[in-house]
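Structure first, commentary second.
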Amino acid sequence: MRPILMKGHERPLTFLRYNRDGDLLFSCAKDHTPTVWYADNGDRLGTYRGHNGAVWTCDVSRDSARLITASADQTAKLWEVSTGKELFSFRFDAPARSVEFAIGDALAVITTDNFMDHVPTVQVKHIAEDIDDQTDESALVITGIKGRINRAVWGPLNRTIITAGEDATIRIWDSETGQLLKESDKESGHQKTISSLSKSSDWSHFITGSLDKSAKLWDTRTLTLIKTYVTERPVNAVDISPTHDTVVLGGGQDAMNVTMTDRRAGKFEAKFYHKILQEEIGGVKGHFGPINALAFNPDGQSFSSGGEDGYVRLHHFDSDYFNIKMLFETQLVQFLGSYVAG
Amino acid sequence: MALAISMEGIEARARELGVDLSAVDLDSIALPAGEDFGILSDDEEVLHSEDSPELEMGLSNIIVVDNLPVVPPEKFDKLENVIRKIYSQIGVIKENGLWMPVNPETKKTYGYCFIEYNTPQEAELAREKTNGYKLDKSHIFAVNLLDDFEKYMKVPDTWTPAEIKPYTAGENLLKWLTDEKARDQFVIRAGTLTEVYWNDARKLAPELVFQKQYWTDSFIQWSPLGTYLATVHRQGSQVWGGENGFERLMRFAHPMLKLIDFSPGERYLVTYSSHEPSNPRDTHRVVLNIFDVRTGKVMRDFKGSADDYTTGGNIGVSGVSWPIFRWGGGKDDKYFARLGKNIISVYETNTFSLLDKKSLKVENVVDFSWSPTDPIISLFVPEMGGGNQPARVSLVQIPGKEELRQKNLFSVSDCKMYWQNSGEYLAVQVDRYTKTKKSTYTGFELFRIKERDIPIEVLELENKNDKIIAFAWEPKGHRFAIIHGDGPRPDVSFYTMRTANNTNRVSKLTTLKAKQANALYWSPAGRFIVLAGLKGFNGQLEFYNVDELETMATGEHFMATDIMWDPTGRYLATAVTSVHEMENGFQIWSFNGKHLYKVSKDHFYQFIWRPRPPSLLTPEKEEEISRNLKKYSKKYEQEDQDAFNQLSEQDRKRRTQLQEEWDSWVAKWKQMHEEERAYRMELRDGEASDEEEEYEAKEVEVEEVVDVRQEVLAFDQDQE
């Protein structure tokens, strides 16, 4: 099936997020205005106006009532999903990079960049049920990481916080005390900046993408390296299929080099790998720039990609995809061939 | 070192033991002979096992001039001035750098003097230039470096017969050819690693033979028959090979080595370096050595200014047209030649001196090349005197130096010579000016070397405006291919030197229109050719069968920079080397264009197939084999099938294992997840749902009562 092109952003995409039901898709871009789309047909539903800088990430509450966004304007904002009303604004001393709701949506983890004299931090905020009770205070502040933290997410049962970023190291922290519990192995871990991190649907394992041209799969509890997926491009975005044994990797060369290389040379493809066998299954082309964001729909029937070119592309999988039986076949199934035309 | 003890550690220990370190005479401590207490000495073995480093004696810039006149004190100054005059032309003599000792008894000089220059290079140059200098009839200078004196002193006074070493059989340097699966090797250089692999096309993967980090300082090169792998270092070159993989076989010392070249029969190795002159106005000095590969002996060295060695030819790597010496006369390595101003110097390897003691004089010669098989030189002389003297191409027989054939050509702008690899034909590509002299057009002069009187045929393209983009002879064959055209998509034409009725006329086989190709790669076995579109065409490949005149397959290796057939013509390698930042790596294709496998390597510099020596089978035998190919191939088909089955079996096992491992992970996670369920619910304020509910489509039938109405219907009893 042909992909749906969603043109609503004027600047490169930074992040994509589906709500739990999989009917809404939230997109963040450098153009200050997070946007919500119907995940099925790609119609634009609305925008969230109020940020004054690039919006790096967002998260949506389990009941799809609230959206939280982190922006380079040094704030993280809480929105009412249905009306687009800004509920609350957390102020920081530095651009906010990553944000995620905890289980129960009563807590959120927000990271801030190193900016001027400020070191990068990971902060935990209480999210009040009644917005009038909401405060700006942090329940916990973790410092001591050198280099930008590109992603911070909650571990199982909100007991831990997992961070990854410029120093190529994945760390697990105690979310109560802020103590460092585990650190990824320097040898087997990533060699360059970790650009993205995405958890499996049951939070048992997660995947990280790095500029060292690989993506790695880790155990959330033990931080054991399980799989490595090697590609030819720096990886900007990753996600794990919620229903199938596939992972998707997206990337391209640095944005600054894009104009100097051919579109095909850039390999602006979303590449699919078999999660267990670590073999490449196929790729979906289409973007005119590197892919910055990828997300599977929670129903596993479609995925969307956001690129440096400002487009969101929504792809519904062909039936071929669901029939892959790779395990006992030597020939790989090039299941996504039909997308090449699109 | 195995034991590293810091000075602080020693001091601390000494304090502990109450020893005053300053009072200890360290020199008095000596280990008993033959006992080292397990402490490895860092000055004996280690130093001696390595090559003793070249000591900077500080004397290498001093020369000794002998055979000077012996003069009384009144003439001393005069002689000194003469010597100073001679030697300061060559370089700067140090202050007080000229010393002519005087016999205290006779007050006369000894007839020799010492001259100290600023640099060893100047001293070396002075030795070269003035050794044998005739001051007058009875005084011919003998100039030596002071450093060399030590060497000469060591020559024993009495002659002793050379010790004849017993013959030891060398190892089998051709072991790799005996591979059971008849695979070919290739070497790649990526990053700091140099690796040799088997090309295992059955397994669709290369098999590592040998790898080494920092194996070479600049590049690697196989010898032409594949026996040796040469590495290039600052100190010289080394060759590797042998029965057990890659051991060092020989070293060839040549400081600041830049380029190397093997003779076609790989008996000799030519090494080249160019040295910064001490005086910036001077040209670079070049040094060339020709080594015997097996003994490591220098057979001949050449030294001179760079100008002498860069005459003619197209200037290639680092300012020289390499190779400077071109080897001729086929695999026997009998002759080598070099282009000079108005001369071609031909040397023979029996004596390593000029053939007949003089160079071949050819006015204004700009280019020459050897026949790949016979001692024949083809040379090109451009037009002179504004067109009064025509340009000419001639064939010269060596060692007789007689001209076999000559052809005069008019209005020539440029000329390129292509030998067919078995020396049967020579194609001369001639660019001529049109009458207006504003543009050029191209034609070919085709020489049939092996026929009587060497007939020449002229071939002109149908469209005179076409530019020739590439030309290539079929190896071992009698056909050639040309890419020509003046548009963005050129045409490819095939010609044969033999027509069906054998009239010995060149004729066209076919023209393929509008191809995305700019390079031609014939299979070494002939018959197949790859039309490649490199650079602007981004790596288009077309595999073409010239016997059937049909395209077998097309492919693409995006951004490919290099294309190489394996020596047997079974496989083709395409590579993207580090001229591009992206896509580095190589791909292997079968001869008919099937993509086999691909390897990605960052900083990929070189890919070279290991050449094979020519087949020992006679042409008759080869023909017999190809006639009965079916019979022979049966055996291999079975092997191929077995290998494939084994491969898929291995693959199956590996995959099953991976799947099992994964399943165990999942089981563990599931269990954890279950255990945590209660906590999760608590975190969600008791919301009962769990997030991993399966998206099961349940069909629920809902019946709803829309309306209830009572009606009395007429009951027809008759119908019962």
Side-chain angles (χ1 to χ4, degrees), chain A residues 20-22 62-63 102-107 129 154-159 200-205 212-213 217 219-222 224 226-227 230-234 242-243 245 252-254 257 260-262 264-267 274-279 297-301 326-331, chain B residues 204 536 538-539 556 558-559 576 580-585 598 600-602 644-645 647-687 689-697:
Chain A
R20 193 174 81 96
D21 302 326
R62 186 177 158 86
D63 56 5
I103 301 173
D105 298 329
L107 293 168
E129 206 158 324
W154 293 97
L157 302 180
N158 301 347
R159 283 177 182 157
S200 69
S201 51
D202 65 355
W203 294 24
S204 62
H205 52 289
D212 68 5
K213 303 180 184 174
L217 199 71
D219 184 307
T220 315
R221 294 179 181 88
T222 61
T224 315
I226 305 169
K227 301 279 175 191
V230 181
T231 175
E232 294 122 358
R233 305 287 128 192
T243 51
D245 285 330
Q253 72 273 59
D254 292 341
N257 291 331
M260 299 192 284
T261 35
D262 188 287
R264 291 184 305 163
K267 286 259 171 73
H274 196 280
K275 183 158 77 176
I276 304 165
L277 304 179
Q278 293 160 276
E279 285 168 30
N297 191 308
D299 67 6
Q301 309 277 322
M326 282 221 350
L327 201 53
F328 299 112
E329 287 165 37
T330 41
Q331 294 289 316
Chain B
L204 297 180
N538 280 335
E556 186 194 47
F558 186 63
M559 313 250 277
V576 179
H580 294 302
E581 208 177 307
M582 300 286 175
E583 305 280 340
N584 280 198
K598 149 181 179 186
S600 294
K601 294 254 177 196
D602 269 357
F644 180 77
N645 288 348
L647 194 66
S648 43
E649 183 57 37
Q650 278 173 3
D651 222 31
R652 206 191 320 270
K653 272 191 193 141
R654 188 182 61 86
R655 286 166 180 227
T656 319
Q657 193 200 340
L658 281 172
Q659 182 70 44
E660 278 164 7
E661 272 171 30
W662 180 257
D663 288 345
S664 73
W665 279 106
V666 171
K668 205 158 69 186
W669 287 330
K670 275 235 167 83
Q671 188 195 340
M672 302 278 254
H673 204 68
E674 284 303 315
E675 285 168 14
E676 290 167 356
R677 182 181 297 273
Y679 295 104
R680 255 196 317 275
M681 273 171 68
E682 196 179 306
L683 283 169
R684 294 213 167 97
D685 291 338
E687 197 186 326
S689 73
D690 219 350
E691 60 274 274
E692 70 279 7
E693 64 195 46
E694 302 290 320
Y695 281 82
E696 252 177 84

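Letters go in sequence order (proteins before strands), and every chain restarts at 1. If you're wondering where the values come from, they're calculated on a predicted model, not measured in any experiment.
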(request) Sort B/D602 into side chain, backbone, both or neither according to what part of it lies under 4.5 angstrom from a heavy atom of chain A. (result) side chain

(request) Measure A/L107 against the heavy atoms of chain B and call it side chain, backbone, both or neither at under 4.5 Å. (result) neither

(request) May I ask you to decide whether B/R654 forms a salt bridge with A/E279, counting only side-chain N to carboxylate O separations under 4.0 Å? (result) yes

(message) Using heavy-atom distances under 4.5 Å, tell me whether A/T224 contacts chain B through its side chain, its backbone, both, or neither.
(response) side chain

(message) Nearest 0.5 Å, please: how far is CG in B/L658 from CG in A/L277?
(response) 6.0 Å

(request) Check salt bridge (charged side-chain N to carboxylate O under 4.0 Å, His left out) between A/R159 and all other residues, then give those that pass, not counting sequence neighbours. (result) none

(request) Give the member of A/T220, A/I226, A/I276, A/N158 that has the highest number of heavy-atom pairs under 4.5 Å with chain B. (result) A/I276

(request) Would you please name every residue forming a ring pair (Phe, Tyr, Trp, His ring centres under 6.0 Å) with A/W154, sequence neighbours left out? (result) none

